[in-house]
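Chain identifiers are assigned alphabetically (A, B, ...) following the order of the sequence lines, protein sequences preceding nucleic acid strands; residue numbering begins at 1 within each chain.
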There are 2 protein chains.
Amino acid sequence: MEVYVNPRVNDQVYLKNPMEFDLGKKIISNTVHMMHDIGFEQFTFKKLGKEIGSTEASIYRYFPNKQRLLVYLSAWYWEFLHYLIKLKTKEIEDPKKKLKVAIKTLVYAPSESNNNCFLEMQKLQDIVIEQFYKIIRTKRVTIQNESGYFESFKRLCSTLAGIFKEIDPNFNYPMTMATAVIEMSINNHFCSSNLPTLTEIKCGKDQKQQIEQMMTYFCERLFKKCDC
Amino acid sequence: MEVYVNPRVNDQVYLKNPMEFDLGKKIISNTVHMMHDIGFEQFTFKKLGKEIGSTEASIYRYFPNKQRLLVYLSAWYWEFLHYLIKLKTKEIEDPKKKLKVAIKTLVYAPSESNNNCFLEMQKLQDIVIEQFYKIIRTKRVTIQNESGYFESFKRLCSTLAGIFKEIDPNFNYPMTMATAVIEMSINNHFCSSNLPTLTEIKCGKDQKQQIEQMMTYFCERLFKKCDC
DNA sequence: TTGACTATGATAGTAATACTATCTTATATT
DNA sequence: AATATAAGATAGTATTACTATCATAGTCAA
């Protein structure tokens, strides 16, 4: 399946749509590289301006601050995953198979998408893993939520929750489970590389397979019917 | 059970042990109030100095920056929970009962501990819920981990993982499960108040009971034996 | 071709932040 | 009495996170 994915981001997230201008595109693609290299805290509009041969002032015309730029990138990331999961599960009837495909997509899609997407998804994933909680767990989250900053993430969670509900209509906490599954995938990526005592996943080349297996293991145990 | 809990924090976290000095105590207890009110970003040593009738320079003698002060507070928080869970499960034989007590402690202890602890645990919990990922998901986490900044958190996870392993010795991912359970309790506290679409927990006076019930539901489904 | 509009660049300036350094004073200890 | 330590007072610096203004180049419409 070869598709070029170009996620649309809610227009309340930016001041001027970066995807409609050359400078805008430069801003977002170079932000992915730079934030990946130096981290969110060290990243500034001044440094980015220098890197892309532009100025601080010009970047401020697209995003009011670096937090919002990060919100934009996260929205892109979740929208990308959501789009792919929707696409890949569309034709599947069996919800258990849907779930397997969704898990596979969550785990493998970013590293396999360097040619079918404007941004480098693997780097973007690393950024989102490290930084997403910085933008979601804040005092301002309620206001931001009302502004639709997290729509893409919420839609992805709803889609997953829908699959859980299909598998077991009596399951009480599909939304909680959806956020937990996403969190689990993110957290184990991070911990296996950085805090190995906190996970059973070992860092290495089959890391993603281990994570897929683990997520499947949890889902199967949670949804197994006592039909022996 | 009435105990005064006074967690000890790894001495690599601070420059000078705040608990040994009046000013130090003032610093940590007032940080809890101030950070709770204005959030981590807005919080500065200058503002705190003014609040407690001291100066920026004096606070820098205890902590090299506000991140480390947050590390200190988080360590205290996790150490506090870990201590209580150890204490309350010590005499219990049945691991399933142990788990129930551990979950109860995670959910209820902070709000019930305003008289048996130097810090205001409910406020501290709100801070940890909002900010813990800021200190754990960073580029520097590996170095910090080696410095023992997260020992308390890791010990708590190990204790929980031990209980899971007792319940089901064949369970493959006790550590992952432990971090997921803690995360679940934190995340649902946060979401029910701030991002209600992402959880089934409703904000209100029985919020904690709902969370306890939900965590129990997940654990029971994961560990139910097919013994019908 | 003129005029208007827009995207960007260039430059300057400001308030706040995150420190660092030094000097003084008060108090406790030996 | 001498010493050590805690902490207050003050000053200073580099960087950050903006805001404001003005100039310029290209595009499109009358």
message: Aromatic contact between B:F63 and B:F45, with the criterion being ring centroids under 6.0 Å apart: yes or no?
response: no
- line: Separation of D:dA7 atom C1' from B:R61 atom CZ, nearest Å, is 6 Å
query: In whole angstroms, how far is the P atom of D:dA17 from the CZ atom of A:F45?
result: 9 Å
- line: Atom CG of A:L48 and atom P of D:dT16 are separated, to the nearest Å, by 13 Å
task: Give a yes/no answer on whether the side chain of B:Y60 brings an N or O atom under 4.0 Å of OP1 or OP2 in D:dA7.
output: no
task: Between B:D22 and B:A57, name the one whose nearest nucleotide on DNA chain D is closer to the 5' end.
output: B:D22
field: Under 3.5 Å donor-acceptor, A:N194 side chain and A:F190 backbone
entry: yes
message: Classify A:F63 by what it touches in the nucleic acid, base, sugar-phosphate, or nothing, heavy-atom distance under 4.0 Å.
response: nothing
message: Mind checking if B:S58 touches a base, just sugar-phosphate, or nothing, with heavy atoms under 4.0 Å?
response: base
message: Students often get this wrong, so: under 4.0 angstrom with heavy atoms, is B:K46 touching a base, only sugar-phosphate, or nothing?
response: nothing
- prompt: Within this structure, what is the CD-to-C1' distance between A:Q42 and D:dA17, rounded to whole angstrom?
  reply: 15 Å
task: Send over the distance from B:F43 CZ to C:dA18 C1', rounded to a whole Å.
output: 13 Å
message: Using ring centroids (six-membered ring only for Trp), state whether A:Y62 and A:Y72 fall under 6.0 Å.
response: no
task: For C:dT8, take OP1 and OP2 only and decide whether either is under 4.0 Å from a side-chain N or O of A:S54.
output: no
field: A:H82 and A:T159: side chain donor to acceptor below 3.5 Å
entry: yes
- prompt: A:G49 near the nucleic acid: base, sugar-phosphate alone, or nothing, with a heavy-atom cut-off under 4.0 Å?
  reply: nothing
- prompt: So, is A:T55 close to the C:dA10 phosphate, meaning a side-chain N or O under 4.0 Å from OP1 or OP2?
  reply: no
message: Looking at B:E146 and B:R140, is there a salt bridge between them, counting it only when a charged N and a carboxylate O are closer than 4.0 Å?
response: no
query: Quick one: A:L15 CG to C:dA7 P, roughly how many Å, whole number?
result: 13 Å
- request: Please report, rounded to the nearest Å, how far the C1' atom of D:dA4 is from the CZ atom of B:F21.
  value: 12 Å
- prompt: Would you say A:K16 reaches C:dT8's phosphate, i.e. side-chain N/O to OP1/OP2 under 4.0 Å?
  reply: yes
- prompt: Nearest-Å distance, CD (A:E20) to C1' (C:dT6)?
  reply: 13 Å
